[in-house]
Amino acid sequence: MRLLVPTATLLSFVLLGGCASTRVAGIDAAAPIAPAPVPAPGPPADDSLNATVWFQTSVERDLVYTAIYRAAGARLDAALRDKHWDALPKEERSNDVSRLPAAIIVDIDETVLDNSPSTVRQIRERHGFNEAAWGEWVNQRAAKALPGAKEFLNTAASKGVTVFYISNRDASLAEATLANLRQAGFPVKDDSQFLGLGTVVDDCEQNGSEKACRRQLVARRYRVLMQFGDQVGDFVQILANTRDGRREAIAPYLAWIGERWWPLPNPLYGSWEPALFDNEWAQPEAARRAAKEAALDDARP
């Protein structure tokens, strides 16, 4: 059924509507245009923010570390039984291993100890890495054990395996580092198990912060069952720190991954980052960020 409206009433609606439209139009035309709201200033961009939040808060990180150390534990007895089993790169081994006692080599930072609070301080205080702030953190001796690490290493130590902590922490930080390791529950029988940057190795030429000489020092007296680290350089010497050079260094040993070599995730920092901008930290931050963005692949044809 249609709704019938009297003609007079309809005309009133039209007139009123016309007047209303004229008034609104007039007001709108005369009113000043309000400026767009200015967004409140936020924190500056920081490339490590997401990585640090993931490292500190995600259960997935804990699961990855737990899985790696648990898998290594499942292979430990087989490695001990095989007297020719050795996890050192071939160019770093020149002696017979069959009668040597067993050892395991681990990196420290982001391999067995969690130093992410140091990165949080960098984010909040808005500065990059510097040695003074790092030394303050290390001397606080507050780094916690990463999931699965101390359980695995204590099991290995109970089977007669000596654990060597080869780290690029400076050798001057040995006392604080060893105290932190012991406090966190790691097996440390004596101070010689920490081999920091600056350790002198006779008859071996040190190349920057590479760990080859320190691995060879362990090799002179021990058969190395396994190595653990969060950087390619924790396992083998990198001759060229480029994307291709890093892959070439690891290529001959891919069969050892998950058997003798156990890499752990570290999105916070590492030699993978300067490999993207020609190892030139002196470049402006914007240039480094542009180089990292340029390295991304969006898979478009």
Side-chain angles (χ1 to χ4, degrees), residues 39-74 106-155 165 167-169 173 176-177 179-186 227-235 257-258 261-277 281 285 288-289 291-293 295-298:
D46 192 304
D47 288 358
S48 63
L49 178 59
N50 256 20
T52 308
V53 172
W54 180 86
F55 203 84
Q56 284 206 330
T57 68
S58 71
V59 68
E60 289 83 357
R61 184 211 69 169
D62 294 353
L63 296 178
V64 170
Y65 275 79
T66 300
I68 288 172
Y69 281 113
R70 186 176 293 171
V106 297
D107 172 54
I108 294 178
D109 301 316
E110 283 51 73
T111 298
V112 298
L113 287 181
D114 178 359
N115 299 282
S116 59
S118 175
T119 307
V120 172
R121 295 176 189 186
Q122 292 177 38
I123 294 170
R124 289 182 174 167
E125 296 166 14
R126 301 183 184 179
H127 63 76
F129 176 84
N130 66 71
E131 293 292 344
W134 172 247
E136 180 183 348
W137 161 251
V138 172
N139 281 300
Q140 189 179 332
R141 308 175 187 194
K144 296 179 180 179
L146 283 158
K150 67 180 179 181
E151 293 82 1
F152 167 75
L153 292 177
N154 278 298
T155 296
Y165 303 88
S167 169
N168 281 339
R169 291 184 175 202
L173 297 171
T177 298
N180 196 162
L181 287 168
R182 289 183 171 111
Q183 179 179 309
F186 288 98
Q227 295 195 79
F228 294 78
D230 62 310
Q231 309 287 329
V232 171
D234 292 331
F235 304 96
I257 304 300
W261 290 3
W262 302 87
L264 294 141
N266 180 3
L268 303 175
Y269 61 84
S271 52
W272 55 267
E273 185 178 359
L276 301 177
F277 45 81
W281 282 104
E285 183 179 5
R288 300 197 306 268
R289 180 170 294 158
K292 287 188 277 187
E293 186 171 338
L296 297 173
D297 179 9
D298 62 11

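These numbers come from a predicted model, not from an experiment. FYI, side chains are in, hydrogens and waters are out, and symmetry mates aren't considered; it's all heavy atoms of this structure.
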Separation between CG (D109) and CH2 (W137), nearest 0.5 Å, reads 10.0 Å
4.5 Å side-chain heavy-atom contact, P263 and I257: yes
Between A145 and A184, the two heavy atoms sitting closest are CB-O, 4.1 Å
Are F235 and F228 close enough that their ring centres sit under 6.0 Å apart? no
What verdict does the side chain to side chain contact (heavy atoms under 4.5 Å, CB included) test give for F55 and N50, after you've listed the backbone C-alpha separation in whole Å, the side-chain angles of each residue and the deciding distance to 0.1 Å? CA-CA 9 Å; F55 203 84; N50 256 20; over 6 Å; no
A quick test of your reading: do over 12 heavy atoms of other residues, nucleotides or ligands sit less than 6.0 Å from CD of E136? no
Between G229 and D234, which heavy-atom pair has the shortest distance, and what is it? CA-OD2, 3.3 Å
Between R288 and E273, is there a salt bridge with N-O shorter than 4.0 Å? no
Using atom types as modelled and distance alone, determine if a side-chain donor or acceptor of Q227 lies under 3.5 Å from a backbone N or O of V106. no
Is the closest side-chain heavy-atom distance between L153 and V112 below 4.5 Å? yes
Looking at side-chain heavy atoms only, is the closest gap between D107 and Q231 below 4.5 Å? no
Heavy-atom pair of closest approach, residues F152 and A72: CE1-C, 3.7 Å
Check whether any side-chain N or O of N180 sits under 3.5 Å from a backbone N or O of A176 as a donor-acceptor pair, and report yes or no. no
A side-chain contact here means heavy atoms from C-beta on lying under 4.5 Å apart; do T119 and N115 qualify? no
Side-chain contact, heavy-atom cut-off 4.5 Å: Y65 with T111? no
Report, as yes or no, whether the 6.0 Å neighbourhood of atom CZ on R182 holds more than 12 heavy atoms from other residues, nucleotides or ligands. yes
Determine whether F129 and W134 make a side-chain contact, defined as any pair of heavy atoms from C-beta on separated by less than 4.5 Å. yes
Could you walk me through whether S116 and L268 pass the side chain to side chain contact (heavy atoms under 4.5 Å, CB included) test, one step at a time? CA-CA 8 Å; S116 59; L268 303 175; 4.2 Å; yes
Report yes or no: does Y69 contribute a side-chain atom to a donor-acceptor pair with the main-chain N or O of K150 at less than 3.5 Å? no
Tell me, do K144 and L113 make a side-chain contact under 4.5 Å, heavy atoms counted? no
Can you find a pair of side-chain heavy atoms, one from R169 and one from V138, that are under 4.5 Å apart? yes
As an exercise, state the distance from CG of D230 to CD1 of I108, rounded to the nearest 0.5 Å. 11.5 Å
List the steps and the verdict of side chain to side chain contact (heavy atoms under 4.5 Å, CB included) for K292 and D47. CA-CA 10 Å; K292 287 188 277 187; D47 288 358; 2.7 Å; yes
Taking it one step at a time, do S167 and T177 satisfy side chain to side chain contact (heavy atoms under 4.5 Å, CB included)? CA-CA 10 Å; S167 169; T177 298; 6.0 Å; no
G185 backbone acceptor or donor facing N154 side chain under 3.5 Å: yes
With distance as the sole test, does S48 use its side chain to make a donor-acceptor pair with the main-chain N or O of A51 at under 3.5 Å? no
N-O pairing of R61 and D114 below 4.0 Å: yes
Between CD on residue E125 and CG on residue N130, distance to nearest 0.5 Å: 9.0 Å
Inspect the contact between R289 and E293 and indicate whether a charged nitrogen and a carboxylate oxygen are less than 4.0 angstrom apart. no
Identify the two heavy atoms, one from R141 and one from A179, that lie closest to each other, and give their separation to 0.1 Å. NH1-CB, 3.6 Å
If you compare all heavy atoms of W272 against all heavy atoms of P267, which two are closest, and at what distance to 0.1 Å? CZ2-O, 3.7 Å
Can you measure from CG (N139) to CG (L173) and round to the nearest 0.5 angstrom? 6.0 Å
